[in-house]
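The structure under discussion appears below in the form of structure tokens.
In the text below, chain A, chain B and the rest are named by the order of the sequence lines, each starting its count at 1.
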Amino acid sequence: KQEVTQIPAALSVPEGENLVLNCSFTDSAIYNLQWFRQDPGKGLTSLLLIQSSQREQTSGRLNASLDKSSGRSTLYIAASQPGDSATYLCAAHSGNTPLVFGKGTRLSVIA
Amino acid sequence: NAGVTQTPKFRVLKTGQSMTLLCAQDMNHEYMYWYRQDPGMGLRLIHYSVGEGTTAKGEVPDGYNVSRLKKQNFLLGLESAAPSQTSVYFCATKRSNQYNEQFFGPGTRLTVL
């Protein structure tokens with residue numbers, strides 16, 4: 001059974017800092033991994049989707065990497081801004097089961 | 001193009017009452033999902049559907065029923081609401097298969113007194 005873990009649960013950084021959010025999964029036979037952002041009281045917004053055949057995906061200041069052999073994905077945020085403050089969730093898709101979500105990392109970017 | 005919409009946005013029920021949450025999508029997606037999100041528990045899958053007329057149980061299906069009579073709509077029903085069903089409910093959709101991106105609705109905040 002796939003399990004997804006995100007550590008740390010919360011992170012606070014000063015504005016302008018580059019940062020990395022971590023996601024680990026137990027079953028390396030994944031089809032893809034998706035990163036989401038959730039603002040307080042809102043739904044989830046898809047940020048990046050990495051297929052199993054890909055090593056990374058980029059969108060603006062965001063870069064997500066995937067290492068299936070080690071069961072890890074990272075989300076890199078460059079030059080963080082207060083507007084980046086949110087909860088970031090990763091989710092893995094493997095087998096015939098729906099997405100399995102981590103519990104998220106709550107990011108605070110301090111001005 | 002509204003994407004994924006959920007009705008209602010907020011609702012307060014008394015224990016034992018029933019209600020139906022509606023998820024509607026205009027993206028012609030085959031797969032639809034219902035999740036609940038609770039503090040410390042993360043997102044948990046309730047039920048899902050891989051196409052019109054199909055439904056399947058997720059991780060926490062007890063106390064809920066679903067129907068997918070039309071491709072664009074996925075209904076979540078609570079027949080006899082309990083305080084343990086107080087939560088934020090999210091609907092999500094995906095185009096067709098495991099390689100596609102999943103999209104979420106804005107959520108419904110339900111309180112059961």
Is it the case that atom CZ in A/Arg61 sees more than 12 heavy atoms from other parts of the structure closer than 6.0 Å? yes

Taking a cut-off of under 4.5 angstrom between non-hydrogen atoms, the residues of residues 39-60 of chain B near chain A are B/Gly40, B/Met41, B/Gly42, B/Leu43, B/Leu45, B/Tyr48

- [ ] Kindly work out whether a path of hydrophobic side-chain contacts (I/L/V/M/F/W/Y, heavy atoms less than 4.5 Å apart) joins A/Leu62 to A/Ile50.
- [x] yes

- Message: For B/Gln17, I'd like to know if atom CD has over 12 heavy atoms of other residues, nucleotides or ligands within 6.0 Å.
- Response: yes

Okay, B/Gln37 and chain A: the region with an atom under 4.5 Å from a heavy atom over there is side chain

Against chain B, residues from residues 100-111 of chain A with at least one heavy atom under 4.5 Å, in numeric order, are A/Phe101, A/Lys103

Heavy atoms of B/Phe90 and A/Gln38 approach each other most closely as CZ-NE2, 3.5 Å

Here the side-chain hydrogen bond (donor to acceptor under 3.5 Å, both in side chains) pairs for residues 40-50 of chain A, sequence neighbours left out, are A/Gln34-A/Ser46, A/Ser46-B/Glu101

Notebook entry, point to check: Under 4.5 Å between side-chain heavy atoms, hopping through other hydrophobics if needed: is there a path connecting B/Leu110 to B/Leu76?
Noted result: yes

So, the part of A/Leu44 with a heavy atom under 4.5 Å from chain B: the answer is both

**Request:** Answer yes if A/Phe25 and A/Leu48 sit in the same cluster of Ile, Leu, Val, Met, Phe, Trp and Tyr residues linked by side chain heavy atoms under 4.5 Å apart, and no otherwise.
**Result:** yes

>> Assigning hydrophobic clusters by single linkage (Ile, Leu, Val, Met, Phe, Trp, Tyr; side-chain heavy-atom cutoff under 4.5 Å), is A/Phe36 placed with A/Leu21?
In response: no

| request: Give the cluster check for A/Leu66 versus A/Leu49: same hydrophobic cluster or not, with ILVMFWY residues linked at side-chain heavy-atom distances below 4.5 Å. | output: no

Within residues 79-90 of chain A, the residues sitting under 4.5 Å from chain B by heavy atom, in sequence order, are A/Leu89

Max heavy-atom pairs within cutoff under 4.5 Å with chain A, candidates B/Phe103, B/Tyr35, B/Tyr33, goes to B/Tyr35

